[in-house]
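Encoded as structure tokens, the structure appears first; notes follow it.
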2 protein chains.
Amino acid sequence: MSHEEKDYIQILRSQGYRVTPQRLIVLDAVCDIGGHAAIATVVARVKKLDPTIDLSTIYRALDVLGEVGLVVATEIGDEGKVYKIAGEATHHHLICQNCGTVLSISHDEVNPLFAHLQEKYGSFFLTSRSQSLRL
Amino acid sequence: MSHEEKDYIQILRSQGYRVTPQRLIVLDAVCDIGGHAAIATVVARVKKLDPTIDLSTIYRALDVLGEVGLVVATEIGDEGKVYKIAGEATHHHLICQNCGTVLSISHDEVNPLFAHLQEKYGSFFLTSRSQSLRL
DNA sequence: ATGGATGCAAAAGTTTTGCAAAGAA
DNA sequence: TTCTTTGCAAAACTTTTGCATCCAT
């Protein structure tokens with residue numbers, strides 16, 4: 001697990017949320033998966049760690065973890081929402097339309113386009129916390 | 001309506017599908033909307049034209065229209081699937097993350113990036129019939 | 001006439017919500 | 001103790017499917 005224990009406990013508490021085993025397991029699951037994980041993947045991982053955790057609890061935990069900024073939810077293509085640990089370098093996803101494989105690429109690859117679009121379209125272009133460039 | 005009557009009747013028939021009033025109304029609806037339309041928008045438009053058309057018929061009509069290539073379904077961000085009349089120039093969508101406004105931009109804007117990515121990542125990059133670059 | 005398409009109803013899949021009981025602070 | 005969170009169950013949505021009837025060809 002790459003997240004510091006103290007940190008996320010702090011973060012949850014400071015935002016008025018309680019630190020529960022369920023939330024930690026969901027956080028662990030998302031973290032263990034490494035990349036971006038569809039809800040089904042998160043659920044599978046969570047259930048493997050603790051089969052008694054309810055589906056609704058997982059959804060609620062992901063909401064809370066997103067609320068406090070520990071997890072980021074992004075909508076990508078056909079996969080629906082995917083979740084990942086926040087704090088990674090800004091990056092993007094290249095998705096094979098045949099097999100669905102997702103390849104992450106550095107923001108550097110895309111930056112020239114970003115710069116161009118931002119200059120040209122200004123307010124339409126997301127500059128901060130951009131998770132995905134949706135074209 | 002910008003589609004030629006003869007054309008789409010031909011197209012449906014040639015693929016073994018029948019030309020029904022429901023399918024034409026769904027096609028008209030998508031066409032009238034002009035841009036990309038979420039399912040809810042299509043349904044609203046269809047129902048206005050003919051309230052008796054069933055929801056399942058609309059889904060099935062969109063499937064068929066997609067099958068024969070008259071309509072294109074694209075998955076974009078939070079909006080889920082959006083439908084539009086096929087045959088437009090390849091373009092992309094810029095989506096304001098505040099208000100959700102969608103701005104279409106020419107493929108020319110993005111082409112340099114496409115060329116770069118294609119060269120670098122080869123098979124991961126979709127070259128034909130690309131509806132959206134999903135990063 | 002005849003095979004595909006429709007409308008209705010029900011099913012299936014996914015996400016959300018109400019609430020009593022359990023648990024973190 | 002107090003107030004949040006959980007698990008369960010049910011609800012709310014969205015999309016799909018089965019089937020008798022209807023209709024395009």
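Since the model is a prediction, treat every value here as computed from it, not as a measurement. Note on naming: letters A, B, ... go to the chains in the order of the sequence lines (proteins, then strands), and numbering restarts at 1 for each one.
Rounded to an integer number of Å, the gap from CG of B:Leu12 to P of C:dG4 is 15 Å. At whole-Å resolution of the value, CG in A:Asp50 and P in D:dT5 are 18 Å apart. In this structure, CD1 of A:Ile39 is placed 13 Å from C1' of C:dG13, rounded to the nearest angstrom. Following rounding to the nearest Å, A:Leu62 (CG) and C:dT14 (P) show an atom-to-atom distance of 16 Å. We find that CG of A:Asp63 is positioned 11 Å from P of D:dT6, with the value rounded to whole Å. In this structure, the CD atom of B:Glu67 is 15 Å from the P atom of C:dG4, given to the nearest Å. At whole-Å resolution of the value, CD1 in A:Ile58 and P in D:dT5 are 17 Å apart. One can place NZ of B:Lys47 at 12 Å from C1' of C:dT6, the figure rounded to the nearest angstrom.
A heavy-atom distance below 4.5 Å is not found between the side chains of A:Leu65 and A:Tyr8. Between A:Ile39 and A:Lys81, every side-chain heavy-atom pair lies at or beyond the 4.5 Å cut-off.
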So which protein N/O to nucleotides 17-21 of chain C N/O distances come out below 3.5 Å?
from	atom 1	to	atom 2	distance (Å)
C:dG18	O6	A:Arg60	NH1	3.4

Which protein N or O atoms sit under 3.5 Å from an N or O of nucleotides 22-25 of chain C?
from	atom 1	to	atom 2	distance (Å)
C:dG23	N2	A:Arg18	NH1	2.7
C:dA24	N3	A:Arg18	NH1	3.0
C:dA25	OP1	A:Arg13	NE	2.8
C:dA25	OP1	A:Arg13	NH2	3.0
C:dA25	OP1	A:Val19	N	3.3
C:dA25	OP2	A:Arg13	NH2	3.1

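Applying the side chain to side chain donor-acceptor pair (under 3.5 Å) rule to pairs touching residues 38-53 of chain B yields B:Asp50-B:Thr52, sequence neighbours excluded.
Between B:Gln22 and the phosphate of C:dG7, there is a side-chain N or O to OP1/OP2 separation shorter than 4.0 Å.
For the side-chain contact (heavy atoms from CB on, under 4.5 Å) criterion with A:Ile25, the lone passing option out of A:Thr57, A:Ile53, A:Ile58 is A:Ile53. Among B:Leu27, B:Val30, B:Val26, the single residue meeting the side-chain contact (heavy atoms from CB on, under 4.5 Å) criterion with B:Leu70 is B:Leu27.
Nearest heavy-atom pair, B:His36 versus B:Lys84, reported as atom, atom and distance to 0.1 Å: CA-CB, 4.1 Å. A:Val42 and A:Ala37 get closest at one heavy-atom pair: CG2-CB, 3.7 Å.
One end of the helix from C:dA1-D:dT25 to C:dA25-D:dT1 points its axis 30° away from the other end's axis, with each axis taken from 5 pairs and the angle rounded to 10°.
Nearer the 5' end of DNA chain C, as judged by each residue's closest nucleotide, is the contact made by B:Arg23, out of B:Arg23 and A:Leu55.
Partners of B:Glu67 according to the side chain to side chain contact (heavy atoms under 4.5 Å, CB included) rule, which considers only residues two or more places apart in sequence or in another chain, are B:Tyr17. By the side chain to side chain donor-acceptor pair (under 3.5 Å) test, B:Asp54 is found to be paired with B:Ser56, residues two or more places apart in sequence or in another chain being considered.
A donor-acceptor distance shorter than 3.5 angstrom exists from the side chain of A:Ser14 to the backbone of A:Gln10, with no hydrogens or angles considered. When atom types are taken as modelled, the side chain of B:Arg23 and the backbone of B:Arg18 share a donor-acceptor pair closer than 3.5 angstrom.
Across all strands, B:Ile53 comes closer than 4.0 Å only to sugar-phosphate atoms, never to a base (heavy-atom distances).
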